[in-house]
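A quick write-up on the structure given underneath.
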Amino acid sequence: MTDRTTLSSCRICSLLLVSLLIVFCLALPSNCLSDVRKKSVFYLNSYHNGYHWSDGLLDGVRSVLNNSRYRVDLQIEYMDAKKFDYDIISPNLLALYKEKFKGKEFDIIILSDNDALNFINQHRSELFPDIPVVFCGINDLMDSDIATGNITGVVEVYDFISTLETAKTLHPEKNRLVILIDNSTAGRAIRRQAEKLLAQYDTDLQVEFWIQLSLEEAQKRVRKLPDDTFLFIAPYYQTINGQFYTSEEVSEAIYRHSSVPIYTSWEFMVGYGAVGGKVLSGF
């Protein structure tokens, strides 16, 4: 009987203590909530949730924001530019964001990848005038991309030459390179980067670009590649019979028809047909 009474008394004391703590917190001046300042961040993702590259970028951004001295309200918007044509979706997104964020004040805009940067450069004055912009994942940055001012970020520079040197070391008998790439905004920028590097460095390779081939055509061509060749594949997407196929799925499908090694410069593609390369991590 004594033990039960003691246990009940302990529970009552605990409840009283919790109640007193709640009353004490509620009695604190309201300005105590402002001891930790809150910041509002607009994050515009060029692509879609589930794309490993941009998911990695977002994870990296979150890892910093979550450990900052501010409370952060992170508003994430996906443009889906891998699945839908940019020129078609851009005016619709503009109309949506104008209505959705009317009267909303953001402290900063964070962008991932080229389509988001292009969109903000086109519509910044209408949507978010005078708000600073930070970008990441941008291929082949031009001076015109930062001409609006109050904009900075991290450029995505993949180590193409080191990857080629690795491939040549492992396969000294190969003297021909085929670069497989799509014609998306990022694909065109990645191609320009490769072309600039190939012009600067003597790789002793015969280089050929295969651009925006259908999966069926790409598979047909790789079957016929001679033994002196290796492939370099960039993130590449396909829509077949109304179904969207990821870069990893496309790479695996090409690998199954190829007798030559495949290299890449993006970590998320390694293991899906690509044997390796000097690779970038989105995070």
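This structure is a prediction, so every number in the text was calculated from the model and none was measured.
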Could you pull out every donor-acceptor pair under 3.5 Å between side chains of residues 72-79 and any protein atom, sequence neighbours left out?
residue : atom : partner : partner atom : Å
Gln75   : NE2  : Glu77   : OE2          : 2.7
Glu77   : OE1  : Lys100  : NZ           : 3.4
Glu77   : OE2  : Lys100  : NZ           : 2.8

Please check if the side chain of Asp228 supplies one atom and the backbone of Arg176 the other of a donor-acceptor pair under 3.5 Å. no
Decide yes or no for Phe84 and Leu93: does some side-chain heavy atom of the first lie under 4.5 Å from some side-chain heavy atom of the second? no
For the student: nearest non-hydrogen atoms of Ser112 and Leu57, plus distance: CB-CD1, 3.8 Å
Treating Ile, Leu, Val, Met, Phe, Trp and Tyr as nodes and any side-chain heavy-atom pair under 4.5 angstrom as an edge, say whether Leu280 and Val157 lie in one connected cluster. no
Between atom CG of Asn150 and atom CG of Asp130, what is the distance when rounded to the nearest 0.5 Å? 8.0 Å
Assign the ring pair Tyr51 / Phe268 to parallel, tilted or perpendicular, where the plane angle (0 to 90°) is split at 30° and 60°. perpendicular
Tell me if a side-chain donor or acceptor on Ser46 pairs with a main-chain N or O of Asp113 at a distance below 3.5 Å. yes
Ile151 and Asp145: which non-hydrogen atoms are nearest, and at how many Å? CD1-O, 3.8 Å
Look at the rings of Tyr158 and Phe232 and say which category their plane angle falls in: under 30° parallel, 30 to 60° tilted, over 60° perpendicular. parallel
Under 3.5 Å, is there a donor-acceptor pair between the side chain of Tyr236 and the main chain of Leu213? yes
Please step through side chain to side chain contact (heavy atoms under 4.5 Å, CB included) for the pair Lys38 and Tyr70, ending with a clear verdict. CA-CA 5 Å; Lys38 194 164 189 177; Tyr70 302 108; over 6 Å; no
Validation row: Trp53, Pro235 side chains within 4.5 angstrom (heavy atoms): no
I'd like to check Lys174 versus Pro261 (side-chain heavy atoms, cut-off strictly below 4.5 Å). Are they in contact? yes
Pairing of Glu99 and Lys102 as salt bridge, 4.0 angstrom limit: yes
Is there a side chain to side chain contact (heavy atoms under 4.5 Å, CB included) between Ser214 and Gln219 once you walk through the steps? CA-CA 9 Å; Ser214 68; Gln219 290 172 324; over 6 Å; no
With distance as the sole test, does Thr229 use its side chain to make a donor-acceptor pair with the main-chain N or O of Leu225 at under 3.5 Å? no
Side chain Ser258, main chain Ile254, donor-acceptor under 3.5 Å: no
Taking the side chain from Gln238 and the backbone from Leu215, do they hold a donor-acceptor pair closer than 3.5 Å? yes
Ignoring hydrogens and angles, tell me if any N or O in the side chain of Ser63 forms a donor-acceptor pair with the backbone of Gly60 under 3.5 Å. yes
Report yes or no: do Gln193 and Asp140 form a side-chain donor-acceptor pair below 3.5 Å? no
Are more than 12 heavy atoms, taken from residues, nucleotides or ligands other than Gln200, located less than 6.0 Å from that residue's CD atom? yes
Shortest non-hydrogen pair, Phe106 vs Ile131, comes out as O-CD1, 3.6 Å
According to ring-ring contact (aromatic ring centres under 6.0 Å, His included), who are the partners of Phe135, at least two apart in sequence or on a separate chain? none
Nearest 0.5 Å, what's the CG-OG1 distance between Leu197 and Thr203? 10.5 Å
Indicate the atoms forming the closest heavy-atom contact of Ile233 with Thr264, along with that distance. O-OG1, 2.8 Å
Linking I/L/V/M/F/W/Y whenever any side-chain heavy atoms sit under 4.5 Å apart, do Val134 and Leu141 land together? no
Taking Leu170 as the starting point, is it possible to reach Val279 by hopping between hydrophobic residues whose side chains are less than 4.5 Å apart? no
Has the side chain of Asn45 got a donor or acceptor atom that lies under 3.5 Å from a matching backbone atom of Leu111? no
NZ/NE/NH1/NH2 to OD/OE distance under 4.0 Å, Lys220 and Glu216: no
Quick one: do the His171 and Tyr263 side chains pair a donor with an acceptor below 3.5 Å? yes
Strictly distance-based, threshold 3.5 Å: is any side-chain N or O of Lys98 a donor or acceptor partner for the main-chain N or O of Glu126? no
Do the side chain of Thr163 and the main chain of Lys278 share a donor and acceptor less than 3.5 angstrom apart? yes
Check whether any side-chain heavy atom of Glu156 sits under 4.5 Å from a side-chain heavy atom of Cys136, and report yes or no. no
Residues, nucleotides or ligands: over 12 heavy atoms within 6.0 Å of His123 NE2: yes
Does the side chain to side chain contact (heavy atoms under 4.5 Å, CB included) test come out yes or no for Tyr43 and Val61, once each step is laid out? CA-CA 10 Å; Tyr43 188 99; Val61 169; 3.9 Å; yes
Same cluster or not: Trp266 versus Val270, using hydrophobic residues (I, L, V, M, F, W, Y) connected whenever any side-chain heavy atoms lie under 4.5 Å apart? no
In Å and rounded to the nearest 0.5 Å, what is the CG to CD1 distance from Asn183 to Ile211? 6.5 Å
Phe119 versus Leu127: any side-chain heavy-atom pair under 4.5 Å? yes
In the structure I gave you, are the side-chain heavy atoms of Val133 and Ile146 within less than 4.5 Å of one another anywhere? no
How long is the gap from CG on Asn66 to CZ on Arg71, to the nearest 0.5 Å? 13.0 Å
Please report the closest heavy-atom contact between Ala186 and Lys82, naming both atoms and the distance. CB-NZ, 4.1 Å
Dump the intermediate steps for ring pair (Phe, Tyr, Trp, His ring centres under 6.0 Å) on Phe128 and Tyr97, then the final yes or no. CA-CA 10 Å; Phe128 310 114; Tyr97 296 158; 7.6 Å; no
Worked verdict on Arg188 versus Ile181 for side chain to side chain contact (heavy atoms under 4.5 Å, CB included): CA-CA 8 Å; Arg188 292 192 298 271; Ile181 197 165; over 6 Å; no
Please check if the number of heavy atoms outside Asp227 that lie under 6.0 Å from its CG is greater than 12. no
With Glu173, which residues qualify under salt bridge (Lys or Arg N to Asp or Glu O under 4.0 Å), at least two apart? none
Between Phe244 and Tyr237, does the ring centroid distance fall short of 6.0 Å? yes
Under a plain distance cut-off of 3.5 Å, with no hydrogens placed, do Asp115 and Thr185 share a side-chain donor-acceptor pair? yes
Value for CD (Glu105) from CZ (Phe42), rounded to nearest 0.5 Å, stands at 15.0 Å
Find the distance between CE (Met269) and CD1 (Ile262) and round it off to the nearest 0.5 Å. 8.5 Å
Can Ile110 be reached from Val154 by stepping across I, L, V, M, F, W or Y side chains whose heavy atoms are under 4.5 Å apart? no
Got Tyr272 and Tyr255 here, is their nearest side-chain heavy-atom distance under 4.5 Å? no
Give me the atom names and distance for the closest heavy-atom approach of Ser281 to Glu267. CB-OE1, 3.4 Å
Minimum side-chain heavy-atom gap Leu94-Asn92 below 4.5 Å: no
